[in-house]
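In what follows, a structure is listed as C-alpha cells, so that the remarks can point back to it.
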Amino acid sequence: MKIVEPKYEILTDISEGGIKELQQIERVARVCYKSEDKITPDGESAKKLVGFLVKQGHEAMLEHSQLSVLFTCDRGVANELIRHRIASFAQESTRYCNYSKEKFGGELSFIRPYYIPDEPKENTVKAAFSTEELKKLETDYQINNAWYRACDEAEEGYRALIANGMRPEQARCVLPLCLKTEIVVTANYREWRNIFKLRTPVAAHPQMRELMCPLLMELQKKIPVVFDDIYTYWPADDQTRKGSMVK
Ligand SMILES: Cc1cc2nc3c(=O)[nH]c(=O)nc-3n(C[C@H](O)[C@H](O)[C@H](O)COP(=O)(O)OP(=O)(O)OC[C@H]3O[C@@H](n4cnc5c(N)ncnc54)[C@H](O)[C@@H]3O)c2cc1C
C-alpha cells in the first residue's frame with residue numbers, strides 16, 4: 001500500500017499576467033458594446049473591461065475561456081468535484097485500472113487525510129513526555145492504526161477478489177473513499193468562480209479546501225482580474241488549522 005499526497009496541477013498554459021486570456025474575453029465582450037475601438041494592445045483595456053464585467057455581474061462573458069486542472073485527491077473529494085455540472089471531467093477508472101498489476105507496483109494508493117496523524121516514531125522516548133502528551137500520542141497511534149488497518153484490509157480484499165478471477169470493476173466494491181484518484185476538471189472561468197465560492201469557504205470539506213484554497217490563490221496571482229474578488233481564509237482558519245501548501 002502506497003500513501004500519496006494530495007496535489008493539483010494547472011494543465012492550461014496561462015500567459016504572463018493572464019493578458020492573453022483577458023484579451024480573448026475582451027474581444028468577445030466588446031461585441032456587446034460595439035467598443036472594439038477601445039482595445040489597446042498592452043492589455044490594459046482588457047484588464048479594465050474584464051474587471052468591470054466581474055463587478056457588474058456580467059459573468060457570461062467569462063464563459064469564453066477554459067481552464068483545466070489535474071487533481072490528485074481521494075475518491076471522496078472527487079465525488080464532490082463531479083457535482084459541478086457545468087464542468088467536464090476525466091477520471092482515473094477503477095473499472096479499467098487493475099491495481100494488482102506491475103504497472104501500479106501491484107499495490108493500491110491511498111490519500112491519508114492530514115487530520116489522520118502520522119504513525120508515531122518507534123524510537124519515541126516516552127519518558128520525555130508529560131502525561132497529557134503521552135495520552136495524545138496514544139490517541140494519535142490509535143487513529144493512525146485504525147485508518148491504516150482499514151486501508152490494508154481493503155487492499156487485501158481487493159487482491160483476493162482479483163486473484164479469484166474477478167475483474168477490477170467487480171473487485172473495486174471493497175475500496176474505501178480514501179483511495180487515491182486523479183481527475184481532470186475543465187471549466188470556463190465563470191464556473192471556476194462558482195466552484196471556488198462553494199469549495200473554499202470553511203463550510204467546504206477540509207480536504208477540498210486543502211486543494212482549492214491554494215489553487216485559488218495561485219490563480220489570483222496568475223489572472224488577478226478574474227479571481228481576486230473571491231476571498232479565502234487560508235492558511236489560517238478555525239476549521240483546519242493547517243499550513244498553506246503554497247511554498
Ligand atoms: C458545503 C457544501 C455542502 C454540500 N452538501 C451536500 C449534501 O449534503 N448532499 C448533496 O447532495 N450535495 C451537497 N453539496 C453539493 C451541492 O448540492 C451541489 O451539487 C454542488 O455544490 C454543485 O453546485 P452548483 O449546483 O452551484 O454548481 P454547478 O453544478 O457547477 O452549476 C453551476 C451553476 O449553474 C447553474 N445551474 C446548473 N444546473 C442548473 C439547473 N439544473 N437549474 C438551474 N441552474 C442550474 C446554477 O447557477 C449553478 O450554481 C454540497 C456542497 C457544498 C459546497
Side-chain angles (χ1 to χ4, degrees), residues 6-33 35 39 43-73 76-91 182-240 242 244-246:
K7 60 181 183 190
Y8 69 81
E9 181 187 349
I10 299 173
L11 298 184
T12 307
D13 282 336
I14 300 172
S15 64
E16 188 65 32
I19 294 297
K20 283 200 180 125
E21 291 71 14
L22 295 177
Q23 284 176 325
Q24 157 78 7
I25 297 166
E26 177 186 34
R27 179 68 192 88
V28 168
R30 291 223 180 257
V31 169
C32 302
Y33 310 112
S35 60
I39 295 176
E44 284 308 310
S45 63
K47 281 193 214 161
K48 211 167 145 193
L49 180 72
V50 176
F52 170 78
L53 295 170
V54 170
K55 211 165 171 191
Q56 289 285 102
H58 192 178
E59 294 196 20
M61 297 301 108
L62 303 181
E63 292 169 19
H64 299 271
S65 61
Q66 188 155 297
L67 180 71
S68 297
V69 180
L70 166 63
F71 293 95
T72 301
C73 57
V77 168
N79 285 354
E80 294 187 4
L81 286 173
I82 60 166
R83 293 298 298 276
H84 292 285
R85 294 160 289 180
I86 319 290
S88 306
F89 305 95
Q91 186 175 5
E182 290 177 31
I183 181 166
V184 177
V185 180
T186 299
N188 61 54
Y189 292 161
R190 184 186 201 179
E191 178 61 354
W192 277 112
R193 282 174 56 81
N194 179 56
I195 292 172
F196 289 130
K197 284 179 189 172
L198 291 170
R199 304 301 182 181
T200 60
V202 287
H205 192 279
Q207 286 177 279
M208 178 67 89
R209 297 192 74 237
E210 187 183 30
L211 290 165
M212 285 296 176
C213 293
L215 173 59
L216 170 59
M217 287 164 70
E218 186 171 344
L219 288 172
Q220 284 174 331
K221 284 196 192 116
K222 285 187 155 48
I223 324 174
V225 183
V226 177
F227 295 106
D228 62 6
D229 64 320
I230 305 171
Y231 186 71
T232 179
Y233 302 91
W234 190 264
D237 76 71
D238 293 340
Q239 188 181 8
T240 67
K242 181 160 163 54
S244 171
M245 290 170 75
V246 179

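Of the N and O atoms on the side chains of Glu26 and Ser45, at least one donor lies less than 3.5 Å from an acceptor on the other residue. Of the N and O atoms on the side chains of Gln66 and Thr186, not one donor lies less than 3.5 Å from an acceptor on the other residue. For the residue pair His64 and Arg27, no side-chain donor N or O sits within less than 3.5 Å of a side-chain acceptor on the partner. No side-chain N or O of Tyr189 forms a donor-acceptor pair with one of Glu59 less than 3.5 Å apart.
Closest approach of Ser65 to Asn188, counting heavy atoms only: O-CB, 3.1 Å. Here the closest heavy-atom approach between residue Arg85 and residue Glu191 is recorded as N-OE2, 4.4 Å. Summarising the geometry of Met61 relative to Ile25, their closest heavy-atom pair is O-CG2, 3.7 Å, with the distance given to 0.1 Å. Annotation for Ile14 and Ile10: closest pair CD1-CG2, 4.2 Å, computed over non-hydrogen atoms. Closest non-hydrogen pair, Leu81 versus Phe89, comes out as O-CZ, 3.3 Å. Nearest heavy-atom pair, Pro6 versus Glu210, reported as atom, atom and distance to 0.1 Å: CG-OE1, 3.6 Å.
When the salt bridge (Lys or Arg N to Asp or Glu O under 4.0 Å) test is applied to Asp229, the partners found at least two apart in sequence or on another chain are Arg193.
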Could you walk me through whether Leu62 and Val54 pass the side-chain contact (heavy atoms from CB on, under 4.5 Å) check? CA-CA 8 Å; Leu62 303 181; Val54 170; 4.1 Å; yes
Between Glu80 and His205, is a side-chain contact (heavy atoms from CB on, under 4.5 Å) present by the stated rule, with each step listed? CA-CA 9 Å; Glu80 294 187 4; His205 192 279; 3.8 Å; yes
Would Thr72 and Tyr8 count as a side-chain contact (heavy atoms from CB on, under 4.5 Å) here? Give the steps. CA-CA 6 Å; Thr72 301; Tyr8 69 81; over 6 Å; no
Evaluate the side-chain contact (heavy atoms from CB on, under 4.5 Å) criterion for residues Leu67 and Leu11: first the C-alpha distance (whole Å), next the side-chain angles of each, then the deciding distance (0.1 Å), finally the verdict. CA-CA 8 Å; Leu67 180 71; Leu11 298 184; over 6 Å; no
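You'll find the side chain of Val184 stays beyond 4.5 Å of the side chain of Val69, heavy atoms only. Between Val226 and Gln220 there is no side-chain heavy-atom pair separated by less than 4.5 Å. With contacts defined as side-chain heavy-atom distances shorter than 4.5 Å, the pair Val185/Trp192 qualifies. Between Gln91 and Phe71, the closest side-chain pair of non-hydrogen atoms is not below 4.5 Å. Side chains of Lys222 and Glu21 form no contact here, defined as non-hydrogen atoms less than 4.5 Å apart.
Distance check, rounded to the nearest 0.5 Å: SG of Cys73 to CE of Met212 gives 8.5 Å. The CZ atom of Arg190 lies 11.5 Å from the CG atom of Leu53; values are rounded to the nearest 0.5 Å. To the nearest 0.5 angstrom, Arg209 atom CZ is 10.5 Å from Leu216 atom CG. Distance check, rounded to the nearest 0.5 Å: CD1 of Ile183 to CG of Asn79 gives 8.5 Å. In this structure, Ile223 CD1 and Glu218 CD are separated by 10.0 Å, a value rounded to the nearest 0.5 Å.
The number of heavy-atom neighbours closer than 6.0 Å to NZ of Lys197, taken from other residues, nucleotides and ligands shown, is above 12.
Electrostatic pairing of Glu44 and Lys47 counts as a salt bridge here, judged by a charged N lying under 4.0 Å from a carboxylate O.
The aromatic rings of Phe52 and Tyr33 sit perpendicular, their planes meeting at an angle over 60°, well past the 30° parallel limit.
Looking only at distances, no side-chain donor or acceptor of Ser68 sits under 3.5 Å from a matching main-chain atom of Thr12. Side chain of Thr200 to backbone of Cys213: no donor-acceptor contact under 3.5 angstrom is found.
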